[in-house]
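Heads up, the thing below is written out as structure tokens.
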Amino acid sequence: MKIKQISLFLENKPGHLNTICRKLANSNINIVTLSLADTQQFGIVRLIVKDWERAKSVLEEAGHVVNVRDVIAAQVKDVPGGMADIIDAVGAVGVNIEYMYAFSFRKDQDAVLVFRFDDADKAIVELEKIGAKILTSQALFE
Amino acid sequence: MSNFPIDTMSGVDPVSIPDFMSPEGMRALQLTKLKKLVKTCYERVPLTRRRMDEKGVKPEDIKTLEDIKLLPFMMKTDLRDEYPLGLTAAPMSEVVRFHCSSGTTGKPIVICNTKKDIEVWSDGVARSLAMDGIGKDDILQVSYGYGLFTGGLGLHYGGELRGCTVLPTSGGNTDRQLMLMRDLGVTVIACTPSYFIHLMDEAQKKGIDFRRDMKLKHGIFGAEPWTDEMRERIECETGIEAHDIYGLTEISGPGVASSCGCHEGLHVFEDHFYPEIIDPDTLEPLPDGEWGELVFSTLDRTGTPMLRYRTRDITRIIPGVCKCGRTIRRIDRISARSDDMLIIRGVNVFPSQIEAGLMSVDKALPHYHIYVDREGDLDNLEVKIEVTSETISDDIKSLELLRRNIAAAIQKIINISIKVTLVEPNSLPRSEGKLSRVTDYRKIKK
């Protein structure tokens with residue numbers, strides 16, 4: 001039920017993100033979604049790609065330090081309140097969201113919310129209780 | 001009469017016998033040699049003669065070792081001013097090799113070595129190796145640079161004298177270094193500590209595990225200041241024993257002093273190299289145990305003899321006898337050179353203090369560089385640190401915390417505020433010879 005996210009450390013300077021995008025493009029790896037977290041000095045770019053193992057080795061060969069983490073992708077209706085329901089559900093049992101990002105899903109015109117929870121297993125139970133659709137990597141990339 | 005406690009000498013390697021001389025015997029030997037050195041310098045080195053005459057000191061005034069304080073000092077600037085051969089005391093027909101040390105500015109310094117000087121130097125290296133239990137069954141890879149720099153040839157000649165099988169790789173070409181180390185079953189490597197860290201990084205990238213794939217047991221590291229924390233990291237990650245070797249071209253080269261298995265300072269081969277610690281401001285000799293500038297007199301050097309040469313290295317003589325039983329005195333690990341000292345907003349800062357702060361937070365961050373700049377009237381000190389796969393996280397909070405912890409740890413030691421920046425892997429300057437950890441833009445702009 002969890003999917004793999006790769007993340008990289010990047011210095012915060014103009015044009016820098018593109019070095020990564022270009023390397024992935026050259027290896028014919030498509031980025032499904034990405035998110036950036038940054039400070040004045042540095043940032044972390046988090047990527048969801050279909051072939052994460054290959055993306056990891058491409059980037060590592062280029063000298064980057066790559067982290068792999070499990071995240072949860074929940075498919076919700078792209079309507080007001082879609083996200084609020086999820087946050088309420090996990091908040092009620094004391095699960096904290098370390099970070100999250102969202103993208104719209106071609107299929108069904110829905111939205112996908114990507115979460116990193118401090119307690120993923122507990123979050124999954126709560127999300128399933130409210131009927132949220134948790135995507136497998138197969139569903140996400142098909 | 002013997003200077004050696006013979007009954008306790010069984011089991012001591014013959015090359016190491018002088019390490020165990022009685023202190024009285026050692027002082028007597030040093031005094032005899034010092035008198036000869038002063039006489040030679042007075043007769044053959046015009047600069048020394050002039051300075052001694054100015055002070056009204058004659059060679060025959062040296063009656064005890066304490067009388068050394070009557071004599072003038074020599075400095076690196078003297079070697080530079082007398083470039084190329086003004087301080088030479090032997091006829092050129094007896095000089096068999098030059099070595100040069102690059103100064104940070106202008107002309108290099110030139111040192112003349114006679115056959116005897118090379119023998120004395122090699123003896124220091126061989127005794128350093130013996131101290132670490134290295135002998136004829138060992139294969140020694142010398143990855144110090146060969147050439148004018150004394151690191152390569154010093155370890156080479158000393159290694160051969162010791163009976164090791166020497167692999168003279170010199171510096172550079174890391175892939176070949178690792179291949180030969182593995183394929184020839186190298187047991188000892190001699191290089192700068194920073195170059196060894198570079199080898200460790202490259203080995204890791206290639207999936208080489210030192211414990212599994214290498215026969216390496218010892219590292220002989222020197223030529224740049226490093227810390228105990230760095231030693232622990234090297235030993236922990238590779239399973240080798242990391243030894244400290246100290247020396248300088250002006251005095252001979254590596255093998256002036258060396259750490260033994262106790263790792264409590266470095267034994268000075270004081271039958272060849274007479275150590276003093278002085279207060280760098282008053283120039284007065286300091287008693288054992290007190291920190292100050294290290295000064296050497298070359299008791300056996302004939303080519304370019306040095307009388308009271310100020311090394312600029314900050315250390316102390318460790319009082320008491322080492323657990324290993326050697327009676328030759330020890331100096332503490334050289335963690336600072338007065339030349340490396342940075343003055344930041346009027347405060348003295350040594351790069352080794354910054355390293356100690358960094359390593360106290362995370363030993364897995366070996367690549368750092370210090371940048372000093374001035375904005376208006378204010379000095380800025382910035383430490384850039386490369387992130388590594390062991391320390392990287394995917395959330396900003398923990399990276400910011402790491403950054404702040406490092407800044408706090410360093411500030412606690414040096415007492416001034418600094419900027420700490422995390423940077424990408426392989427983005428900082430690397431060197432395969434002597435590593436410079438500091439870029440001072442204040443000097444560059446001047």
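Throughout, protein chains are lettered first and strands after them, A, B, ... in sequence-line order, and every chain is numbered starting at 1. Remember, predicted model here, so these are calculated numbers, not experimental data.
- Nearest heavy atom pair, residue A:Glu11 against residue B:Leu422, reads CG-O, 4.3 Å.
- The distance from the CG atom of B:Asp394 to the CD atom of A:Glu98 is 7.5 Å, given to the nearest 0.5 Å.
- For B:Arg176, the CZ atom is loosely surrounded, since the number of other residues' heavy atoms within 6.0 Å does not exceed 12.
- How far CD1 of B:Ile396 is from CD of A:Gln41: 10.5 Å, rounded to the nearest 0.5 Å.
- The choice from A:Gln5, A:His16, A:Glu60 that makes the most heavy-atom pairs within less than 4.5 Å of chain B is A:His16.
- No more than 12 heavy atoms of other residues, nucleotides or ligands lie within 6.0 Å of CZ in A:Arg22, so this atom counts as exposed by the packing criterion.
- Looking at heavy atoms from C-beta onward, A:Arg46 lies in side-chain contact with B:Asp395 at the 4.5 angstrom threshold.
- If you measure heavy-atom distances from A:Leu10 to chain B, the contacts under 4.5 Å come from both the backbone and the side chain.
- For chain B, the nearby parts of A:Phe9 are the backbone and the side chain; heavy atoms of each come within less than 4.5 Å.
- Within a 6.0 Å radius of CG in A:Asn28, other residues, nucleotides and ligands contribute 12 heavy atoms or fewer.
- Heavy atoms of other residues, nucleotides or ligands lying less than 6.0 angstrom from CD1 of B:Ile343 number 12 at most.
- With a 4.5 Å cut-off on non-hydrogen atoms, B:Lys419 touches chain A through its side chain but not through its backbone.
- Residue contact with chain B, scored on non-hydrogen atoms closer than 4.5 Å, is absent for A:Asn12.
- More than 12 heavy atoms of other residues, nucleotides or ligands shown are found within 6.0 angstrom of CD on B:Glu382.
- In this structure, the side chain of B:Glu424 does not engage the main chain of A:His64 through any donor-acceptor pair within 3.5 Å.
- Interface residue B:Lys397: only side-chain heavy atoms are found under 4.5 Å from chain A.
- In this structure, the portion of B:Thr388 lying under 4.5 Å from any heavy atom of chain A is its backbone and not its side chain.
- In this structure, the portion of B:Asn426 lying under 4.5 Å from any heavy atom of chain A is its side chain and not its backbone.
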